[in-house]
Amino acid sequence: MADPVAPDMDFDPVALRRRYADERAKRLRSDGKDQYLEVAGRYAEFAKDRFAPLADRPAIDALVDALVVGGGFGGLLAGARLRDAGLADVRIVEKGGQIGGTWYWNQYPGAQCDIESYIYLPLLEELGVVPSERYARAPEILAHAQRIAERYGLSDTAVLGTEVTSMEWSDKAGRWTVHTDRGDRFEARFVVTATGPLHRPKLPGVQGIEEFAGQAFHTSRWDYGYTGGGPEGGLDRLATTRVAVIGTGATAVQIVPHLAEAAEHLFVFQRTPSPVDVRGNRPTDPAWSDALDPGWQKERVRNFNALVSGVPQDVDLVADGWTTLIGRMMEIYRDGTAGALDRPFEEVLELANMEKMEEIRARVDVLVADPGVAEALKPYYAMFCKRPCFHDEYLTTFNRDNVTLVDTDGRGVERITRDGVVAGGVLYEVDCIVYATGFEVGTGYERRAGFAVRGRDGRTLTEKWDDGGMRTLHGTLTHGYPNLFVLGQSQAAWTANYTQLLDEGARHIAAIVSHMQSGGLATIEATEAAEDAWAEEIVANATNGTGGIGGTDCTPGYYNNEGQPLDGPPWGASYGKGSIEFFRTTKAWRESGTFEGVTFTPQTPAI
Ligand code: NDP
């Protein structure tokens, strides 16, 4: 029955709103993000590098122009742009055994980008590459990361299988000293931290994980020695194995079809279903790629971000699940469907969002044969409360005889025993447990980064930011930490296409360094006044009360601090006026030539 608020729509917004609130209430936990177990101490094995653990080597003692922490797309883009800016010795330190960051760690079966590869893979035009598919698979993406490293001279000097443990600034030397877990000591004029938002695996907050007698691993440390096969699937050692997957987020959605094909039996333990829309992958048409004009990637990235930001465009170049959803919202708004023109914009957005989620729920009914299983797989929350997923085989996997969905109705698994997984008071005996339980988000900067950053007065960044909140200028520079550049989204921007943010950040850093090189400047540092003003601007524009993407009325998840209000203001939020405005602001700032809000010191002339 349609509600008068949406006469043209085939659903009842009032009932849906109530259902969303009920589902959220079921999942709210007072321990919020503290529910999860850290992969340290007795769980440290879950973080071990299974792909390319490197042999011992002598410690390095070196002086470099710039040290970049992290060899994922962020570190590679920063490294590439710094090389373009004229720095000769740019050294990447990466804890993985190869360059690649998230695409090195996440080599699980079925791993694939879920943002169109033509906009997600950076530097395509610079390298003369067009991905082979609309959604490229992990091995191709990893190879592209390594190609960037080669092209920009970052491979040979990269320090792999090595974790930075601490760094401290010396005013006297005008440099950072960076220490690693292999005893290295680097002196660096500049440091860039590009550690990524999602790289420290976490485990569910349940008892007994260490008691399990079978094989267990986290998705970001896939054990191919045990399962057989590789990132493309073919897990040929699982034919007589009962497997449990815990978690049904974006990672599990990609893994489940492969496990189902290979395992004797697969149990999928679900706390909250993901919204799973159409994937529609296809090989790249050579006629299309041959006809691309110079500048095509930049324009495609811009067009996508404009549409996802709600700015109408003459053409939708990517036309995927992201742009069509936002496009539909704008269409409803413009056409006055559901009397939208008479309604507040937020209400129109909510209706369009509900309409999209209804479509996603209807897709489950079409694809899943058992009505009870279908019902359990339907997400009842607003789009963007959790990562939207796109997959054409996930839902149909639940039609297989060897697959059981164990829906926990929002409660999650209860414990792990020697023999398997307990949920709803029932023990499911399995031989293997795959933890698809995601990554730490919202824990302290240094805990996630894994190292302490000591500035001019010996204070760590965490100590500084614990005392009154995160303070940066544009998310990049922070007072007391000269020549340190932070690359990330906190106090910067949120973009659906994360590599766009990384590229913009890398260009920003390189432009500053170029200016310093040409002006004979030794150090740069944000002033306290400027970073206070920027932090206030971030908080003043943070609208959803969580500092994340999902709002306070969303079902809990890492997008909204697990549904808990923040202890204080959302200092770590991204810029609330949106990425377009953020990129415009930072570009104008660096191109003005005045560099307002920072202090530079000149280089001491050589005697
Ligand atoms: P998520 O944090 O998104 O998912 C973790 C899953 O574990 C959730 O389903 C969560 O349930 C579940 N969980 C946690 N505790 C329990 C418990 N006690 N019992 C049962 N289930 C539990 O991690 P992912 O690794 O799936 O994804 C992380 C991010 O990585 C994505 O959001 C995305 O940004 C990125 N990603 C990108 C991909 C790409 O192609 N570009 C592919 C895959 C991931 P609940 O929802 O109830 O908390």
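This structure is a prediction, so every number in the text was calculated from the model and none was measured. Residue indices begin at 1 and follow the sequence shown. Order of listing sets the numbers, starting from 1, for every ligand and every atom in it.
In this structure, the protein non-hydrogen atom closest to atom 12 (C) of ligand 1 is G247 CA, 3.6 Å. Summary of contacts: the protein heavy atom closest to atom 19 (N) of ligand 1 is V413 N, 2.9 Å. Closest to atom 48 (O) of ligand 1 among all protein heavy atoms lies R271 NH2, 2.9 Å. Protein heavy atom in closest approach to atom 4 (O) of ligand 1: G249 CA, 3.8 Å.
Taking the six-membered ring where the residue is Trp, the centroids of W105 and F439 are separated by 6.0 Å or more.
Heavy-atom separations between R27 and ligand 1 are all 4.0 Å or longer. Residue C113 places a heavy atom less than 4.0 Å from ligand 1. Note on ligand 1: Y108 sits in its first shell, one or more heavy atoms being nearer than 4.0 Å. At least one heavy atom of K386 sits closer than 4.0 Å to an atom of ligand 1.
A salt bridge does not link E359 with R363: none of the charged nitrogens is closer than 4.0 Å to a carboxylate oxygen. Of the charged side-chain nitrogens involved, at least one lies within less than 4.0 Å of a carboxylate oxygen, so that E38 and R200 count as a salt-bridged pair. Between D409 and K26, at least one side-chain nitrogen of the basic residue sits less than 4.0 Å from a carboxylate oxygen of the acidic one, meeting the salt-bridge criterion. Under a 4.0 Å N-O distance rule, the pair K378/E375 qualifies as a salt bridge. Using a 4.0 Å cut-off between charged nitrogen and carboxylate oxygen, R387 and D114 count as a salt-bridge pair.
Distances between N or O atoms of Q35 and those of ligand 1 include no value under 3.5 Å. Of the polar atoms of Q270, none of the N or O atoms is found under 3.5 Å from an N or O of ligand 1, judged by distance alone. Checked against a 3.5 angstrom limit, the closest N/O atoms of E562 and ligand 1 fall outside it. The N/O atoms of D114, backbone and side chain alike, include one that comes under 3.5 Å of an N/O atom in ligand 1.
Shown are Y435, F212, Y36; of these, the ring pair (Phe, Tyr, Trp, His ring centres under 6.0 Å) with F46 is made only by Y435.
Across Y381, Y558, Y498, W103, heavy-atom proximity to atom 34 (O) of ligand 1 is greatest for Y558.
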*Are E393 and R279 close enough, and set up right, to give a salt bridge (Lys or Arg N to Asp or Glu O under 4.0 Å), and what steps lead you there?*
CA-CA 9 Å; E393 290 88 34; R279 164 84 302 163; over 6 Å; no
